[in-house]
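Before I ask anything, let me first share the structure, which is written out below as structure tokens.
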Amino acid sequence: MSNKDSVTLIDNSTGKEIELPILHPTEGPATIDVRTLYRQLGYFTYDPGFMSTASCRSAITYMDGEKGILRYRGYPIEELAENSTFLETCYLLLNGELPNRDEAEEFNNLITHHTMLHEAFKRFYSGFRRDAHPMAIMVGVVGALSAFFQDESDVHDKQSRRIAAHRLIAKMPTIAAWSYRYAHGLPFMYPQNHLDYPSNFLHMMFAVPTEEYKPDPIMVKALDLLLILHADHEQNASTSTVRLTGSSEANPFAAVAAGIASLWGPAHGGANEAVIRMLMEIIESGKGIQHFIDRAKDKNDRFRLMGFGHRVYKNYDPRAKIIRKVCHDLLENLGDDNPYKQLFDLSVQLEEIALKDEYFISRNLYPNVDFYSGIILLAMGIPLNMFTVIFALARTVGWITHWDEMMDDPESRIGRPRQLYSGKLERKYINIENR
Ligand code: CMC
């Protein structure tokens, strides 16, 4: 009799039958454990893009793409957005539980006191061209952190990993803001320990040494919310990149630099910048929304509706719902004649038209986190090419938490996918005169 907690696989070519165990998650689809498949039957599984493959066990974030659910450590994103702060969310992700008052204070202090960069870092920035994309600077500078903390990079030591996590979360706003300051020829502003995390970032972005700078509390709150919403998203491309990089026991700074590189692409974190460019193109072209919807549907055109669609969400992205409302409220506050209102109104129209269109309905394409976030960032005065940098700043906690979880997991091994080889069979070398 076959085991209820397994699937039976019959190889029709040999008649051989094997049982593969079913693993049960606390929530979500049950998972077939195929680890012994090659040993037992000599087959690999084929799944480009990981459409049906769980690459690891994880207890950090849960998503249900059909229902549009996102939870960090069991807490719904809507409740965290409403009640938490980014640093509290960082603590939750890293430690698995919300902090009590003492723990929260201690954590805030810890992060606040690790925000400075080694003075030699300034020379890294001056090595870049002024017009370098800040994400290019991020990849380089975050990777370079490994050169400064090599003495403490024991990836098998929990305490050492924790220190690396705190350093990364603390220093990322400084690294990010300085990439902007360098491009604009502005002096680097040092972090200020009396400021909270989002205020400190805005201060390093926008303050000048000659004047007092007071961040706008509405913008501080909106930024903190964006950071919460971007903090983690289970096994997305950049997080999987960090895991894969870290699986070779590479140091966390190098692994996170790899994650930043992966995030940069327009199919992933680069989409927030691409959305605004698309909205501006729609306005400037004067061709109307339908023209762009038609282009997005045309299989001969590479154009896609940016900020739409998601590998996991086949429903409205819960983060987009929250951001849309915050964006609306923020713009109301700025008054009717603010320049971002036109972009917001255009996005709302675009969303309405797309959601009534058979093409988008049949493929379950809804707005994702990037669709409205860019308008908020623009209203904060953040330039377009810094949008993905802010995503990276927020996602750092997710990356490092996944890396830490992987390093603790006795089942984790070096990531080494196999392939379906489609190249030439063995052939004899041909001397150049005979080719
Ligand atoms: N515009 C037009 N068609 C689309 C779009 C879009 N934005 N997204 C998906 N499709 C179509 C796609 O052409 C395909 O059609 P068909 O079945 O006829 O070939 C179908 O929908 C399924 O798309 P897919 O590319 O197979 O889906 P995927 O899961 O591999 O890709 C995605 C997901 C996010 C890369 C994709 O939806 C996309 O390129 N969206 C635009 C970029 C974007 O907004 N990215 C941000 C993602 S959320 C934040 C983050 O992860 O960083």
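Hydrogens, waters and symmetry mates are skipped; everything else that's a heavy atom, side chains included, is used. We number each residue from 1, following the sequence as shown. Computed from a predicted structure; not experimentally measured.
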Do any N or O atoms from the side chain of S160 and from the backbone of D154 form a donor-acceptor pair under 3.5 angstrom?
yes
Give me the atom names and distance for the closest heavy-atom approach of P266 to A271.
O-CB, 3.3 Å
Which donor-acceptor pairs under 3.5 Å do side chains of residues 215-222 form with protein atoms, sequence neighbours excluded?
residue, atom, partner, partner atom, Å
D216, OD1, I218, N, 2.9

Quick one about S58 and E405 (side-chain donor to acceptor, distance below 3.5 Å, no hydrogens or angles considered), yes or no?
yes
For S238 and G259, which heavy atoms make the closest approach, and how far apart are they?
CB-O, 3.3 Å
Aromatic contact between F344 and Y372, with the criterion being ring centroids under 6.0 Å apart: yes or no?
yes
Does a side-chain heavy-atom distance below 4.5 Å link E88 with P99?
yes
Approximate separation, where rounding is to 0.5 Å, of I276 CD1 and M306 CE:
12.0 Å
According to salt bridge (Lys or Arg N to Asp or Glu O under 4.0 Å), who are the partners of R73, at least two apart in sequence or on a separate chain?
none
Paired with H166, the ring-ring contact (aromatic ring centres under 6.0 Å, His included) test is passed by just one of Y91, F149, F107, namely F107
Check S55, S247, C56 against M406 for a side-chain contact (heavy atoms from CB on, under 4.5 Å) and give me the one that passes.
S247
For the CD1 atom on I32, are there more than 12 heavy atoms of other groups (residues, nucleotides or ligands in this structure) within a distance under 6.0 Å?
no
Could you go step by step and tell me if H233 and Y313 meet the ring pair (Phe, Tyr, Trp, His ring centres under 6.0 Å) rule?
CA-CA 11 Å; H233 216 220; Y313 293 123; 5.3 Å; yes
Least distance between heavy atoms, H114 atom then R167 atom:
CD2-CG, 4.1 Å
Close aromatic pair by centroid cut-off 6.0 Å: F360 and F308:
yes
Does any part of the side chain of I382, heavy atoms only, come nearer than 4.5 Å to the side chain of I376, both counted from C-beta?
no
To the nearest 0.5 angstrom, please state how far the CE atom of M138 sits from the CH2 atom of W178.
13.0 Å
The reported gap from CG in D196 to CG in D224 (rounded to nearest 0.5 angstrom) is 7.0 Å
First locate atom OH of Y75, then atom CG of L92, and finally report the distance between them rounded to the nearest 0.5 Å.
6.5 Å
Tell me yes or no: between the side chains of R162 and N95, is some donor less than 3.5 Å from an acceptor?
yes
Heavy-atom side-chain contact between D370 and F391 under 4.5 Å
yes
With the side chain counted from C-beta on, respond yes when D232 and T401 share a heavy-atom pair under 4.5 Å apart, and no when they do not.
no
Residue pairs meeting ring-ring contact (aromatic ring centres under 6.0 Å, His included), one or both in residues 200-225, sequence neighbours left out, come to none
Sort and list the pairs that fulfil salt bridge (Lys or Arg N to Asp or Glu O under 4.0 Å) and have at least one residue in residues 346-366, not counting sequence neighbours.
K297-D357, R324-E351
Sequence neighbours excluded - salt bridge (Lys or Arg N to Asp or Glu O under 4.0 Å) pairs with any residue from residues 101-115
none
Please name the pair of heavy atoms, one in R319 and one in L229, separated by the smallest distance, quoted to 0.1 Å.
CD-O, 3.3 Å
Partner set under side-chain contact (heavy atoms from CB on, under 4.5 Å) for R418, not counting sequence neighbours
F44, R416
Shortest non-hydrogen contact between N315 and G68, atoms and distance:
CB-N, 4.0 Å
Is there side-chain contact between F121 and K171, with at least one heavy-atom pair below 4.5 Å?
no
Would you call the rings of Y197 and F86 parallel, tilted or perpendicular, where under 30° means parallel and over 60° means perpendicular?
tilted
How long is the span from the CD1 atom in I289 to the CG atom in L346, to the nearest 0.5 Å?
5.0 Å
Any chance you could lay out the side chain to side chain contact (heavy atoms under 4.5 Å, CB included) test for V142 and L168, step after step, and finish with the verdict?
CA-CA 9 Å; V142 172; L168 270 160; 4.2 Å; yes
When you look at V256 and I260, which way does the side chain to side chain contact (heavy atoms under 4.5 Å, CB included) test go after all the steps?
CA-CA 6 Å; V256 167; I260 294 173; 4.3 Å; yes
Side chain to side chain contact (heavy atoms under 4.5 Å, CB included) between V397 and Y72, intermediate numbers included
CA-CA 12 Å; V397 63; Y72 299 161; over 6 Å; no
Does the side chain of K341 reach to within under 4.5 Å of the side chain of D345, using non-hydrogen atoms?
yes
Counting C-beta onward and ignoring hydrogens, is there a side-chain heavy-atom pair between V141 and L117 closer than 4.5 Å?
no
Pair Y125, F188 - check ring pair (Phe, Tyr, Trp, His ring centres under 6.0 Å), show working.
CA-CA 10 Å; Y125 288 89; F188 295 139; 5.2 Å; yes
Say whether, by atom type as modelled, one donor and one acceptor occur between the side chain of S248 and the main chain of L244 under 3.5 angstrom.
no
Would you mind reporting whether L350 and M278 have side-chain heavy atoms less than 4.5 Å apart?
yes
Do S84 and T89 have a side chain donor and acceptor closer than 3.5 Å?
yes
